[in-house]
Engineer: 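Just dropping this structure here.
What's counted below: heavy atoms across the whole structure, side chains too, no hydrogens, waters or symmetry copies. Just so we're clear, the structure is a prediction, and the values are computed from it rather than from any experiment.
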Amino acid sequence: MTIEVECPKCGAFLRLEEHLAGKQVECTECGGVMTIPRPDRPPAVAAAPPAEKKEVTFEDRMAVEAEKVRRQQAIPILAKHPGKMLLVVAIVLLALLLVNLPWLIQRIKVQGFISLLESKSMPDRRAAAKELAKSPNVTAVKALIKFARDDDPSIRQCCVQGLGKVGDQRASEVLVQLLKDPVEPIRADAAWALATCGAEDAKAPLREALRGLDESGQVEAGARYALFALGEKEQFDALITMLTTSEDHGRVRAAQALGEIGNPDAIYYLEKAASSNPAIVKAALAKAITKIQEKKY
């Protein structure tokens, strides 16, 4: 390492070796003698005292190990084993598929029946309406309500009967409208269906149907049965009276209604009416008696 010094006599700059610092040398330019100054050095930094070594206790080691365990537990076990994670995900998806498979199959079937209802084949349309009654989900009910307004009377009747089996109050409005259908059996089926689908506001239209033109008594029997189901218990006696005063079809419907109600008090009147009625009525009366006996009123 070299140092630079200036000659005090001639001002010349000299480059000298560091080991000459503090010694006298002659200037190479003027021959003057000068003392070479020592170079400035940064002050020495005092060394920090050595840190006191802390003794590691058993409790410290246990704390470190506990922290390691805590961190390992914070990582989900499936994240450590991606293969197992994929297997679990696959099992969960398969379970969800199996749980929802019946619902998916039913939905596909319902959509198929709706497509048939929209076709032009009358046998297919009637069959589809009957099948939709076996699928009491929202889509099926909406389809039955829609096609209960169909132009074809047989389709209307199939849908009305289906709604009666489903028993959904969302059908109450269209059934009330069909109490004024020009076809009497449809009016009768609409009244009958209101026993399971009717809302409270269906009572007034049902009472009005009792005052309408009903040659066979089918509409009257259906309306009285629906009113009984909606809370008018006095209709029970009116149905008993119909067993002897109505036409044959009305008596059949009245017997069916009494069978659905299940009151054992009706058995005496059903048995009594059986002696003076044609075979079709007797069969309905006997069936009603059997149904009442099987019920716990």
Side-chain angles (χ1 to χ4, degrees), residues 129-130 132-133 136 141-263 265-266 269-270 273 277 280-281 284-285 288 291:
K130 292 176 181 178
L132 283 175
V141 171
K142 287 183 177 179
L144 288 170
I145 291 172
K146 174 183 176 182
F147 288 97
R149 300 183 176 92
D150 196 84
D151 292 336
D152 187 271
S154 63
I155 298 301
R156 292 203 303 275
Q157 188 168 21
C158 287
C159 289
V160 168
Q161 291 172 350
L163 289 170
K165 293 177 181 178
V166 171
D168 194 311
Q169 280 198 355
R170 282 173 291 193
S172 181
E173 182 180 355
V174 69
L175 292 173
V176 166
Q177 294 172 2
L178 290 170
L179 289 175
K180 297 181 179 180
D181 194 274
V183 180
E184 184 181 356
I186 294 178
R187 295 200 304 273
D189 285 335
W192 189 273
L194 283 168
T196 55
C197 302
E200 187 68 21
D201 56 3
K203 286 184 177 181
L206 284 167
R207 294 192 196 99
E208 185 179 348
L210 292 175
R211 297 189 293 270
L213 180 62
D214 178 23
E215 297 177 356
S216 66
Q218 295 182 78
V219 177
E220 179 185 357
R224 293 194 185 282
Y225 172 48
L227 287 168
F228 178 90
L230 291 171
E232 295 189 5
K233 302 306 178 184
E234 65 272 16
Q235 298 298 335
F236 177 79
D237 293 332
L239 288 168
I240 294 291
T241 303
M242 286 190 67
L243 293 176
T244 55
T245 60
S246 181
E247 297 293 331
D248 289 348
H249 290 294
R251 294 181 186 186
V252 169
R253 287 272 188 167
Q256 291 172 344
L258 291 168
E260 293 295 332
I261 292 170
N263 189 336
D265 293 343
Y269 298 100
L270 289 165
N277 276 290
I280 187 173
V281 180
L285 296 169
K291 200 161 193 175

Engineer: Quick one: which residue pairs count as a side chain to side chain donor-acceptor pair (under 3.5 Å) with a foot in residues 236-247, not counting sequence neighbours?
Structural biologist: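 Counting only pairs at least two positions apart or across chains, no side chain to side chain donor-acceptor pair (under 3.5 Å) contact touches residues 236-247.
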Engineer: Restricting to non-hydrogen atoms, name the atom on Leu175 and the atom on Cys197 that form the minimum distance, rounded to 0.1 Å.
Structural biologist: CD1-CB, 3.7 Å
Engineer: To check you understand the geometry: which heavy-atom pair defines the closest contact between Ala202 and Leu230, and what is its length?
Structural biologist: CB-CD1, 4.4 Å
Engineer: Is it the case that over 12 heavy atoms from other parts of the model lie below 6.0 angstrom from the NZ atom of Lys165?
Structural biologist: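 Counting other residues, nucleotides and ligands, NZ of Lys165 stays at 12 neighbours or fewer.
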Engineer: Counting only heavy atoms not in Phe147 (residues, nucleotides, ligands), do more than 12 fall under 6.0 Å from its CZ?
Structural biologist: yes
Engineer: Report yes if some heavy atom in the side chain of Leu285 is under 4.5 Å from a heavy atom in the side chain of Leu243; otherwise report no.
Structural biologist: yes
Engineer: Which atom pair, heavy atoms only, marks the closest approach of Trp192 to Glu260?
Structural biologist: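 Of all heavy-atom pairs spanning Trp192 and Glu260, the closest is CZ2-CG, 4.0 Å.
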Engineer: Taking all atoms of both residues into account, what is the closest heavy-atom pair of Arg251 and Met242, and its distance?
Structural biologist: CG-O, 3.5 Å
Engineer: Could you tell me which residues satisfy salt bridge (Lys or Arg N to Asp or Glu O under 4.0 Å) with Glu234, sequence neighbours excluded, listed by chain and number?
Structural biologist: none
Engineer: Measure the shortest side-chain to side-chain distance between Ile145 and Asp168 over non-hydrogen atoms and say whether it is less than 4.5 angstrom.
Structural biologist: no
Engineer: So, applying salt bridge (Lys or Arg N to Asp or Glu O under 4.0 Å) with Arg156, which one of Asp181, Asp150, Asp189 is it?
Structural biologist: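 Per the salt bridge (Lys or Arg N to Asp or Glu O under 4.0 Å) rule, the option paired with Arg156 is Asp181, out of Asp181, Asp150, Asp189.
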Engineer: I'd like to know if the side chain of Ser172 and the backbone of Ala199 have a donor-acceptor N/O pair within less than 3.5 Å.
Structural biologist: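 A pair under 3.5 Å: yes.
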Engineer: Please find the pair of heavy atoms, one from Ala221 and one from Arg253, that lie closest to each other, and give the distance.
Structural biologist: CB-CB, 3.4 Å
Engineer: Please name the pair of heavy atoms, one in Ala133 and one in Gly162, separated by the smallest distance, quoted to 0.1 Å.
Structural biologist: CB-CA, 3.4 Å
Engineer: Take atom CD of Gln177 as the centre, draw a 6.0 Å sphere, and report whether it contains more than 12 heavy atoms from other residues, nucleotides or ligands.
Structural biologist: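 Enclosed.
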